[in-house]
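Notes for the one structure printed next.
Sequence positions, counted from 1, serve as the residue numbers for this chain.
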Amino acid sequence: MNELNSSAANVLKSLTNPHLTHSEWGWGIDPLGLRITMNMMYDLYQKQLFLVENGLGARDTFNDAGEIEDDYRISYLREHIRAMRSLTVCQ
């Protein structure tokens, strides 16, 4: 495995996908991959799917008002929700 193109962000070391953006810890951000995986799971089991965990880890900092401005997290969730809304089973 090419060490210059690998990610230790997961339990198992794997190649980094150059077509994805990544979190500051190296986790790939892939809303389309979520949709594809959920479609595959539905096709296999023909059962309703419930996504129970999906979030973006980030080092948050407080602004002068004591708030966290996390537009990056809102965007992350928005794109994943948008991908789930376009699932084959929802059409």
Nearest-0.5 Å distance, CZ of residue R78 to CD1 of residue I74: 7.0 Å
Consider only side-chain heavy atoms of I, L, V, M, F, W and Y, link residues closer than 4.5 Å, and tell whether I29 and W27 are in one cluster. no
How about CD on Q48, more than 12 heavy atoms from neighbouring residues, nucleotides or ligands closer than 6.0 Å, or not? no
Which atoms form the tightest heavy-atom contact between S23 and L56, and what is the distance? CB-CD1, 4.0 Å
Please identify each residue that fulfils salt bridge (Lys or Arg N to Asp or Glu O under 4.0 Å) with E69, with sequence neighbours left out. none
Those residues at least two apart in sequence (or on a different chain) that pass salt bridge (Lys or Arg N to Asp or Glu O under 4.0 Å) with R73 are D60, D70
Please enumerate all residues that pass side chain to side chain contact (heavy atoms under 4.5 Å, CB included) together with Y45, with sequence neighbours excluded. M41, K47
I'd like to know if the side chain of T16 and the backbone of P18 have a donor-acceptor N/O pair within less than 3.5 Å. no
Residues that E67 engages under side chain to side chain contact (heavy atoms under 4.5 Å, CB included), provided they are two or more places apart: N63, A65
Minimum heavy-atom distance P31-A83, with the two atoms named: O-CB, 3.3 Å
So do L32 and R35 actually touch side chain to side chain, heavy atoms under 4.5 Å? yes
Connecting only ILVMFWY residues whose side-chain heavy atoms lie within less than 4.5 Å of each other, what is the rest of L20's hydrophobic cluster? none
Give me each pair satisfying ring-ring contact (aromatic ring centres under 6.0 Å, His included) with a member in residues 52-79, each pair once, sequence neighbours excluded. Y76-H80
Side chains of L34 and N54 in contact at under 4.5 Å (non-hydrogen atoms): yes
For the OG1 atom of T37 and the CG atom of L51, what is their distance to the nearest 0.5 Å? 10.5 Å
Which residue pairs satisfy the salt bridge (Lys or Arg N to Asp or Glu O under 4.0 Å) criterion with at least one member in residues 17-34, sequence neighbours excluded? E24-R59
